[in-house]
Amino acid sequence: MNFPTDFTYEALPMRVVMGPRSLDRLSHEIDHIGLQRVVVLCSPDRQVLAETVAGLLGPRVVDIHAGARMHVPVESAYEARRRMSEVNADGCIALGGGSSIGLGKAVALHDGLPIIAVPTTYAGSEMTPVWGLTENGVKRTGRDPRVLPVSVLYDPALTVTLPAAVSVTSGMNAIAHAAEALYAPDASPIIGLMAEEGVRALAAALPGIVADGADLVARAAAQYGAWLCGSCLGSTTMSLHHKLCHALGGTLDLPHAQVHTVVLPHALAYNRRAAPQAMAALGRALGTSIDPAEFLWDFAGRLGAPRSLRDLGMTENDIDGIVKVALANPYANPRELTAEGLGELLYAAWCGEPPAYC
Ligand code: NAD
């Protein structure tokens with residue numbers, strides 16, 4: 001018999017509501033938690049959606065704050081806390097992608113106010129106790145159970161406005177969470193099952209979304225995958241891929257989801273020999289017998305996603321600095337990390353070459 005019998009698994013206390021027109025159930029979620037004065041947090045370009053949501057909820061919404069920004073600059077966190085304190089808010093609805101949810105987490109980290117997350121991308125932040133704050137160009141992250149949303153509400157209709165290009169990179173960002181969870185030092189059988197199913201759902205959904213962004217069946221499948229992949233991120237420790245993306249995003253201010261999309265095939269190729277079971281699980285989920293790293297590089301190309309860090313604004317001279325940042329602190333990874341290996345990896349990702357490590 002070959003069953004996993006040696007692991008630790010800790011379930012996170014969250015309530016998830018998923019389904020068509022689930023936005024209609026937001027009012028019930030607010031009652032369920034007992035909130036009476038909520039602020040809707042969103043990015044500036046989601047203000048109209050925030051007003052629609054506020055209209056559904058009536059006087060329980062006391063303010064809309066459209067000040068979410070990528071990577072949560074400390075100034076934006078301070079401003080959100082000030083606004084919420086001014087109106088005596090007892091919680092927030094974080095409406096949007098990882099930036100809005102990150103802003104809700106920054107408030108919760110300091111003031112302990114509960115978050116109801118209504119995600120509109122596939123980034124997965126809503127399912128994690130991970131917060132991030134950026135100060136003077138340096139992004140700090142940490143884990144704290146206070147920032148875990150109390151309720152998460154997934155309504156596929158809220159994602160039909162997400163452009164195809166953003167949908168694909170956001171979906172690849174989610175796939176990256178599941179891929180690294182499969183070889184995480186704290187992986188577990190439950191997370192393994194969730195990771196495989198999450199990747200399977202996203203790999204099936206993304207081509208449908210590119211073909212027709214209004215396809216609600218594909219949108220719902222992508223949200224289902226994003227939920228599962230986000231749960232994997234929330235329950236495990238990430239390795240090389242996430243560390244490289246963190247270094248690239250934080251140091252060079254490159255766009256988050258696009259960086260994940262470009263780097264993922266290369267990080268997987270780097271780790272492929274050292275994590276054969278994870279690669280086999282990924283292959284099953286992607287429905288391919290070819291190497292998952294090559295499959296994902298090809299998949300990104302077929303869906304019109306970026307495949308080169310050069311196209312995202314990085315210069316070749318940046319490579320050495322990113323290698324140094326990625327090696328500055330030790331972390332778990334299936335394969336030993338070397339400056340030479342990471343330099344080769346980043347060069348291939350920078351050029352847009354197919355992944356080719358052994
Ligand atoms: P984002 O939240 O910055 O959204 C990108 C843009 O898309 C924004 O302008 C947003 O308003 C817009 N948008 C969102 N939903 C839309 C929709 N349905 N239709 C049209 N436009 C829409 O991007 P993201 O990739 O979701 O999140 C990235 C951020 O989240 C990064 O800061 C990253 O570090 C963080 N993140 C954190 C975690 C975590 O666990 N803490 C996990 C993943 C990502």
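All ligand and atom numbering here is 1-based and tracks the order in the structure.
- Residue M314 forms a side chain to side chain contact (heavy atoms under 4.5 Å, CB included) with just one option from D311, D318, N317, and that option is D318.
- Contact annotation: the side chain of D298 approaches that of R302 to within less than 4.5 Å [non-hydrogen atoms, C-beta and beyond].
- Contact of the V38 side chain with the V62 side chain is not registered, since no non-hydrogen atoms from C-beta on lie closer than 4.5 Å.
- Protein heavy atoms are absent from the 4.0 Å sphere centred on atom 6 (C) of ligand 1.
- Only backbone heavy atoms of L158 (N, CA, C or O) come within less than 4.0 Å of ligand 1; its side chain stays farther off.
- At a 3.5 angstrom cut-off on N or O pairs, T161 counts as close to ligand 1.
- The nearest heavy-atom contact from the protein to atom 15 (N) of ligand 1 is T120 OG1, 2.6 Å.
- Checking only distances, P163 never comes within under 3.5 Å of ligand 1, N or O to N or O.
- For atom 34 (O) of ligand 1, the closest non-hydrogen atom on the protein side is K139 NZ, 2.7 Å.
- For a threshold of 3.5 Å applied to N or O pairs, the pair formed by A257 and ligand 1 contains no separation below that value.
- The shortest N or O to N or O distance between S99 and ligand 1 is under 3.5 Å.
- Inclusion of T159 in the set of residues having an N or O under 3.5 Å from an N or O of ligand 1 is not warranted.
- Which of D45, L162, I101 comes nearest to atom 8 (C) of ligand 1 through a heavy atom is settled by distance: it is D45.
- Of the listed options T121, T128, T141, T121 places a heavy atom closest to atom 26 (O) of ligand 1.
- H242 and H246 have their aromatic ring centers separated by at least 6.0 angstrom.
- Contacts with ligand 1 closer than 4.0 Å are made by heavy atoms of both the backbone and the side chain of S125.
- Residue R21 places its CZ atom among 12 or fewer non-hydrogen atoms of other residues, nucleotides or ligands, all under 6.0 Å distant.
- In summary, the side chains of R219 and Y122 do present a donor paired with an acceptor at a separation below 3.5 Å, with no hydrogens or angles considered.
- Counting heavy atoms from C-beta outward, V263 and L309 have side chains that approach closer than 4.5 Å.
- Residue-level proximity to ligand 1 for R46 is carried by the side chain, the only part with a heavy atom below 4.0 angstrom.
- At least one side-chain heavy atom of Y270 sits less than 4.5 Å from a side-chain heavy atom of N333.
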